[in-house]
*Asks:* 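Got a structure for you, questions after.
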Amino acid sequence: MSDKYDVIVIGAGPGGYVAAIKAAQLGLKTACVESWTAEDGKSQVLGGTCLNVGCIPSKALLEVTHKFEEASHDYESMGILAKSVDIDVAKMMERKAGIVKQLTGGIAGLFKANGVTSIHGHGKLLNGRKVEVTDKDGKTKTYEAENVILASGSKPVEIPPAPFDGDYIVDSEGALEFTEVPKRLGVIGAGVIGLELGSVWARLGSEVTILEAQDNFLPVVDQQIAKDALKQFKKQGLDIITGARMTSAEVKRKLVNVSYEDSKGKQEAKFDKLIVAVGRRPYTDGLLAEDSGVKLDERGFIFVDDQCKTEAPGVWAVGDIVRGPMLAHKASEEGVMVAERIAGHKPQVNYDCIPNVIYTTPEVAWVGKTEEQLKAEGEDYNVGSFPFAANGRAMAANATGGIVKIIADAKTDRILGFHVVGPQASEIVAQGVIAMEFGSTAEDLALTCFAHPTLSESVHEAALAVAGGAIHVANRRKKK
């Protein structure tokens with residue numbers, strides 16, 4: 001087999017494997033390099049962080065624990081008597097592992113079906129679009145390509161006050177492998193990962209304390225939505241402390257002793273486990289030769305233009321190692337765009353229409369701009385919102401917390417932001433993404449017929465409310 005390819009992708013996560021498949025579908029001879037090795041020390045593992053230790057396993061645990069919480073606390077109010085509900089953590093973890101294995105194996109099947117060559121080893125970009133691959137035995141081999149796509153992903157940030165020990169102080173990956181429910185769980189960081197992992201173990205009985213250095217809760221989220229979410233999380237028992245800056249964490253007598261400072265001064269807390277979830281950083285270790293021609297910015301991200309081109313001819317980069325949100329679906333869209341551009345097409349990712357989701361209960365999802373952003377920019381806008389408490393389907397599902405909020409330009413009525421906190425927000429936000437992608441106005445949604453009874457009717461009502469015409473809730477009084 002020739003060692004020359006049209007495209008070589010380094011990394012088989014959501015950005016890399018999707019780019020490889022799309023490139024192969026477009027008739028390009030494609031190879032994908034991935035270093036992840038299974039526990040047996042031999043087999044290659046595809047799918048990257050998302051499928052193996054991120055999006056998929058965390059959602060598997062969130063789903064199980066949500067059902068457990070419902071059975072433990074909510075079923076009786078609906079007339080279902082479920083006594084002595086218990087959780088088998090080992091079985092839950094076994095199910096999670098099974099889902100991961102099925103999906104990662106599915107990628108191998110897709111590679112085979114589309115003619116993608118899978119290369120097991122650590123890929124390093126050399127000068128002149130050459131890729132050096134080091135296998136598990138330390139042997140190297142060099143491949144050539146007309147185009148190289150870098151998609152090596154990211155890794156958890158480790159902070160000096162709380163170095164990971166893999167047992168008591170863990171990152172997000174370690175938090176997915178607990179063999180029993182911690183009595184007291186500490187989480188550093190109230191972002192997406194911290195909230196999701198904190199929710200998993202809180203539902204199973206942990207006393208969860210989340211320490212967040214930022215003074216505002218979820219500062220990147222529309223603050224009306226964030227405040228609603230915070231209120232509901234606290235009702236669930238999550239102790240979320242903002243403005244809390246951790247100064248040290250030390251393991252003594254099988255407990256993690258944490259020191260932090262907040263508005264009240266110096267504080268101390270003890271936990272059985274501590275999850276550090278303060279973000280992720282681009283993983284470029286050993287990825288680039290000094291003369292590769294690829295440059296990093298001041299934060300360690302690979303510098304690319306709007307089409308994901310690096311400064312080295314024929315070299316592209318996508319996903320978590322480039323600017324923008326660290327989201328699997330963003331990486332995949334970039335992978336498709338790059339593959340199509342290599343094939344001569346002219347697609348462009350619309351970065352204004354990338355949805356964000358926090359998979360807690362209630363879920364939090366948004367796309368576009370927040371009210372705070374628009375105020376800071378001096379934009380004139382109208383807002384319409386509708387509570388799930390007034391939605392019949394939400395009442396029937398015993399999930400009435402949260403709202404849908406739509407922000408539209410005051411002059412053109414174009415939708416500028418779409419925000420949801422509530423049941424199935426991750427699905428509902430797609431309606432906002434589609435509307436914004438097509439340049440829809442709030443009136444377009446208001447004139448659309450929605451099925452009854454559905455949660456999506458809240459979108460309809462929020463769109464009607466933008467112009468003060470909601471049917472099933474009192475409208476805001478118009479300014480005279």
*Asks:* According to the side-chain hydrogen bond (donor to acceptor under 3.5 Å, both in side chains) rule, which pairs have a member within residues 178-188, sequence neighbours left out?
*Replies:*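 Passing the test, one end in residues 178-188: no pairs.
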*Asks:* For residues 160-172, tabulate all N or O donor-acceptor pairs below 3.5 Å that involve a side-chain atom, not counting sequence neighbours.
*Replies:*
unit_1, atom_1, unit_2, atom_2, d
Asp165, OD1, Asp167, N, 2.8
Asp165, OD1, Tyr168, N, 2.8
Asp165, OD1, Ile169, N, 2.8
Asp167, OD1, Lys273, NZ, 3.1
Asp171, OD1, Glu173, N, 3.0
Asp171, OD1, Gly174, N, 2.9

*Asks:* Quick one: salt bridge (charged side-chain N to carboxylate O under 4.0 Å, His left out) partners of Asp74, sequence neighbours excluded?
*Replies:*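 Salt bridge (charged side-chain N to carboxylate O under 4.0 Å, His left out) check on Asp74 returns nothing, list empty.
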*Asks:* If the condition is side-chain contact (heavy atoms from CB on, under 4.5 Å), which residues does Glu250 pass it with, not counting sequence neighbours?
*Replies:*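 Here the qualifying residues are Lys252.
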*Asks:* With His73, which residues qualify under side-chain contact (heavy atoms from CB on, under 4.5 Å), at least two apart?
*Replies:*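 Checked His73 against side-chain contact (heavy atoms from CB on, under 4.5 Å); matches are Glu69.
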*Asks:* Go through the side-chain N and O atoms of Gln224 and Asp228 and say whether any donor and acceptor fall under 3.5 Å apart.
*Replies:*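 No - no donor-acceptor pair under 3.5 Å links their side chains.
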*Asks:* Taking side-chain contact (heavy atoms from CB on, under 4.5 Å) as the test, write out the residues that go with Ala60, two or more places apart.
*Replies:*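 With neighbours one apart ignored, the set is Arg95, Lys96, Ile99.
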*Asks:* Using the ring pair (Phe, Tyr, Trp, His ring centres under 6.0 Å) criterion, which residues pair with Phe217? Sequence neighbours excluded.
*Replies:*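 If we apply the ring pair (Phe, Tyr, Trp, His ring centres under 6.0 Å) test to Phe217, skipping adjacent residues, there are no hits.
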*Asks:* List the atom pairs, donor and acceptor, that lie under 3.5 Å between side-chain atoms in residues 349-358 and the rest of the protein, sequence neighbours left out.
*Replies:*
unit_1, atom_1, unit_2, atom_2, d
Asn350, OD1, Asp352, N, 3.1
Tyr351, OH, Arg323, NH1, 3.4
Tyr351, OH, Arg323, NH2, 2.9
Tyr351, OH, Glu334, OE2, 2.6
Asn356, ND2, Ile354, O, 3.3

*Asks:* Are Glu132 and Thr140 linked by a side-chain donor-acceptor pair shorter than 3.5 Å?
*Replies:*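 Looking only at side-chain atoms, Thr140 and Glu132 do not form any donor-acceptor pair under 3.5 Å.
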*Asks:* What residues, two or more places apart in sequence or in another chain, satisfy ring pair (Phe, Tyr, Trp, His ring centres under 6.0 Å) together with Trp201?
*Replies:*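 Listed in chain order: Phe178.
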*Asks:* Please examine the side chains of Glu377 and Leu374, heavy atoms only from C-beta on, and report whether any two atoms are closer than 4.5 Å.
*Replies:*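 Sidechains of Glu377 and Leu374: in contact.
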*Asks:* If only side-chain N and O atoms count, and only distance matters, is there a donor-acceptor pair under 3.5 Å linking Tyr381 with Glu371?
*Replies:*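 Checked: Glu371/Tyr381 side chains pair up, N/O donor to acceptor below 3.5 Å.
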*Asks:* According to side-chain contact (heavy atoms from CB on, under 4.5 Å), who are the partners of Ala38, at least two apart in sequence or on a separate chain?
*Replies:*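 Testing Ala38 for side-chain contact (heavy atoms from CB on, under 4.5 Å), a comparison that skips the adjacent residues, returns Asp40, Ser43, Val45.
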*Asks:* With no hydrogens and no angle check, just 3.5 Å: does a side-chain donor-acceptor pair link His419 and Ser385?
*Replies:*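 No donor-acceptor contact under 3.5 Å links the two side chains.
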*Asks:* Between Glu461 and Phe386, is there a donor-acceptor pair closer than 3.5 Å when you use the side chain of the first and the backbone of the second?
*Replies:*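 Such a contact is absent between Glu461 side chain and Phe386 backbone.
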*Asks:* What pairs with Lys22 under salt bridge (charged side-chain N to carboxylate O under 4.0 Å, His left out), at least two apart in sequence or on another chain?
*Replies:*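 With neighbours one apart ignored, the set is empty.
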*Asks:* Would you be so kind as to tabulate the donor-acceptor pairs closer than 3.5 Å made by side chains of residues 83-91, with sequence neighbours excluded?
*Replies:*
unit_1, atom_1, unit_2, atom_2, d
Asp88, OD1, Ala90, N, 3.2
Asp88, OD1, Lys91, N, 3.0

*Asks:* Is Glu63 salt-bridged to Lys67, going by a charged N under 4.0 Å from an acidic O?
*Replies:*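 Here Glu63 pairs with Lys67 in a salt bridge, since their nearest N and O are under 4.0 Å apart.
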